Amino acid sequence: LELLDSLPNKILTHPAIKNDLKRRKKKASEVLLDLAVHQSALNSNEQSNRGRIDILHHCVLEYLFSPLIHPSGDNKDIFEIKLFIHSINNTYFEVSPEWRPPSHFIRFRGLLEQLYSQEEITISSEERINLKKGTLSDLITRLNSKTIVVFTSHSKEGEYSLHPFAKIMTEYAKSPEQVVCLIGGYQHGPPPSQLLGELSRKKVKILDLTLKGGRLPPWKVLNIALQGIEWNISS
C-alpha cells in the first residue's frame with residue numbers, strides 16, 4: 001500500500017496515472033497505487049511486491065468473517081488474534097474486529113485511500129482506525145514477541161499438510177507467549193532479508209512454515225490458519 005505521490009515524477013507523468021487522476025478528480029496524494037489500473041506506468045522491477053490492494057481486501061475479509069473474530073462467532077472470546085497491516089513506506093494499522101469493510105473492492109479502496117491520505121477513518125461512533133509510522137521490525141518489537149513464524153512457499157524446515165499445520169496454529173493461539181505470524185501481502189517472494197537480519201540480531205526466534213500443495217495466495221493461507229484453530233477447538 002502506498003499513495004501515488006510517493007512515486008518518482010517520471011512515473012507520475014505516465015498517461016495511465018494522469019488519466020486515472022483526471023477521471024477520479026483526485027490528487028496523487030489521495031490515490032493508492034493499484035496495479036490493476038497503473039501497471040503500465042511501472043517497469044517490471046518497479047512492480048515488485050507493491051500495488052496489490054485486492055490482496056489486502058481478501059485478507060481483511062477472511063480475517064473479519066472468521067468465527068474466531070466475527071461477533072457472531074462462538075469462539076471469538078477464547079483467543080485474542082490480531083491483524084496488523086504493514087506497508088511499503090513503513091506505516092501500519094491494526095484491523096479492528098469491529099470494522100465492517102465494504103465487500104465491494106472499489107468502496108474498500110476508497111476507504112483505504114482516506115486512511116492513507118488523512119491517517120484516520122471512523123468505523124463507528126466510538127472507534128477509529130489510525131495509521132501509524134514504524135518499520136515492521138519496530139512493530140514486532142512493540143508486540144513484545146520472541147517468536148516469529150514466517151509463512152513461505154519454500155520453507156527450510158519442511159512442508160506441512162493441513163492437519164499438522166492446524167495443530168501448530170492452535171498451539172500458537174493457546175500459547176501464553178505472544179507469537180507473530182508474517183504473511184506477505186504481495187505477489188511472490190520471501191520476506192525481506194534485511195527484516196529477518198534485524199530480528200535475528202534482537203534474538204527473536206524465527207521459524208518458517210510451508211503448506212503442502214504449491215504456492216497459495218496470502219488470503220488462502222490466512223483462511224487455512226484461522227480455520228485450523230477453529231477446527232481444533234470445535235472438535
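It should be emphasised that the depicted structure is a prediction, and the values quoted were computed from it without experimental measurement. For the single chain, residues carry numbers from 1 onward in sequence order.
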task = Go through the steps to decide whether Trp99 and Val60 satisfy the test side chain to side chain contact (heavy atoms under 4.5 Å, CB included), and finish with yes or no.
result = CA-CA 10 Å; Trp99 190 22; Val60 168; 4.0 Å; yes

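- Minimum heavy-atom separation, Cys59 to Leu222: O-CD2, 3.3 Å.
- Ser29 approaches Leu3 most closely through the heavy-atom pair O-CD1, 3.5 Å.
- At distances below 3.5 Å, not a single donor-acceptor pair connects side-chain atoms of His86 with backbone N or O atoms of Phe93.
- Summarising the geometry of Ala166 relative to Gly228, their closest heavy-atom pair is CB-CA, 3.4 Å, with the distance given to 0.1 Å.
- With contacts defined as side-chain heavy-atom distances shorter than 4.5 Å, the pair Leu139/Val180 does not qualify.
- Using a 4.5 Å heavy-atom threshold, the side chains of Arg50 and Leu1 count as separate.
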inquiry  = side chain to side chain contact (heavy atoms under 4.5 Å, CB included), that's the test. Do Ile53 and Phe105 meet it? Break it down for me.
reply    = CA-CA 9 Å; Ile53 312 170; Phe105 171 73; 3.8 Å; yes

ask   = Between Glu62 and Asn223, does a side-chain hydrogen bond (donor to acceptor under 3.5 Å, both in side chains) hold up when you go through it step by step?
value = CA-CA 6 Å; Glu62 289 286 358; Asn223 170 268; 2.9 Å; yes

Residue pair Lys27, Val31: steps toward the side chain to side chain contact (heavy atoms under 4.5 Å, CB included) verdict = CA-CA 7 Å; Lys27 302 175 183 177; Val31 174; over 6 Å; no

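- For residues 130-153, the set of pairs meeting the salt bridge (Lys or Arg N to Asp or Glu O under 4.0 Å) definition, not counting sequence neighbours, comprises Glu119-Lys133.
- Evaluated for a side chain to side chain contact (heavy atoms under 4.5 Å, CB included) with Ser96, the options Leu64, Ile123, Leu83 yield exactly one hit, Ile123.
- The CG atom of Leu131 sits 10.0 Å away from the CD1 atom of Ile121 when rounded to the nearest 0.5 Å.
- A search for salt bridge (charged side-chain N to carboxylate O under 4.0 Å, His left out) contacts involving Asp34 returns Arg109, not counting sequence neighbours.
- For Thr122, the side chain to side chain contact (heavy atoms under 4.5 Å, CB included) partners two or more places apart in sequence, or in a different chain, are Arg128.
- In the model, Glu30 has no side-chain atom that pairs as donor or acceptor with a side-chain atom of Ser117 under 3.5 Å.
- A donor-acceptor pair is defined here as one N or O able to donate and one able to accept, closer than 3.5 Å; such a pair exists between the side chain of Thr210 and the backbone of Thr152.
- Both Tyr160 and Leu226 are members of a single hydrophobic cluster when ILVMFWY side chains are connected at heavy-atom separations under 4.5 Å.
- A distance of 4.0 Å separates SG of Cys181 from CZ of Phe151, quoted to the nearest 0.5 Å.
- Partners of Glu113 according to the salt bridge (charged side-chain N to carboxylate O under 4.0 Å, His left out) rule, which considers only residues two or more places apart in sequence or in another chain, are Arg24, Lys26.
- Applying the salt bridge (charged side-chain N to carboxylate O under 4.0 Å, His left out) rule to Lys167 yields no partners; only residues at least two apart in sequence or on another chain are considered.
- Among residues two or more places apart in sequence or in another chain, the side chain to side chain donor-acceptor pair (under 3.5 Å) test is passed with Glu177 by Thr147.
- The list of salt bridge (Lys or Arg N to Asp or Glu O under 4.0 Å) pairs with a residue in residues 81-95, not counting sequence neighbours, reads Glu80-Lys82.
- Applying the ring-ring contact (aromatic ring centres under 6.0 Å, His included) criterion to Phe65, with sequence neighbours excluded, gives His70.
- The line from CZ of Arg52 to CG of Leu33 is 11.0 Å long, rounded to the nearest 0.5 Å.
- Here Leu209 contributes atom CG and Leu207 contributes atom CG; the two are 7.0 Å apart, rounded to the nearest 0.5 Å.
- Closest approach of Asn90 and Leu136 over heavy atoms only: OD1-N, 4.2 Å.
- The ring-ring contact (aromatic ring centres under 6.0 Å, His included) check on Tyr116 picks up nothing, with sequence neighbours excluded.
- Atom CD1 of Ile206 and atom CD1 of Ile148 lie 7.0 Å apart (nearest 0.5 Å).
- Crowding of Asn9 atom CG: a count of heavy atoms from other residues, nucleotides or ligands under 6.0 Å not exceeding 12.
- Cluster annotation: Leu32 and Leu35 are assigned to distinct hydrophobic clusters (Ile/Leu/Val/Met/Phe/Trp/Tyr, side-chain heavy-atom contacts under 4.5 Å, transitive).
- Every residue meeting the ring-ring contact (aromatic ring centres under 6.0 Å, His included) condition with His58, not counting sequence neighbours, appears here in chain and number order: Trp219.
- For Thr91, the side chain to side chain donor-acceptor pair (under 3.5 Å) partners are Ser87, not counting sequence neighbours.
- Between the side chain of His14 and the backbone N or O of His38 there is no donor-acceptor pair closer than 3.5 Å.
- Here the closest heavy-atom approach between residue His57 and residue Ser103 is recorded as CE1-O, 3.0 Å.
- Under the 4.5 Å side-chain contact rule for hydrophobic residues, Val179 and Ile69 share a cluster.
- Cluster annotation: Leu211 is not connected to Ile55 through the hydrophobic network of ILVMFWY side chains, with a link wherever side-chain heavy atoms come within less than 4.5 Å.
- Side-chain atoms of Asn19 come within 3.5 Å of backbone N or O of Pro15 as a donor-acceptor pair.
- Asn232 and Thr170 share a donor-acceptor pair across their side chains, judged by distance under 3.5 Å alone.
- In this structure, Ala173 and Ile229 approach most closely via the heavy-atom pair CB-CD1, 3.9 Å.
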key: Step-by-step side chain to side chain contact (heavy atoms under 4.5 Å, CB included) determination, Val149 to Asp208   = CA-CA 6 Å; Val149 181; Asp208 48 61; over 6 Å; no

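- Hydrophobic cluster membership differs between Ile88 and Ile183, with clusters built from Ile, Leu, Val, Met, Phe, Trp and Tyr side chains linked at under 4.5 angstrom.
- With sequence neighbours left out, Arg100 forms a salt bridge (charged side-chain N to carboxylate O under 4.0 Å, His left out) with no residue at all.
- Annotation: the span from Ser66 atom OG to Ile81 atom CD1 amounts to 6.5 Å, rounded to 0.5 Å.
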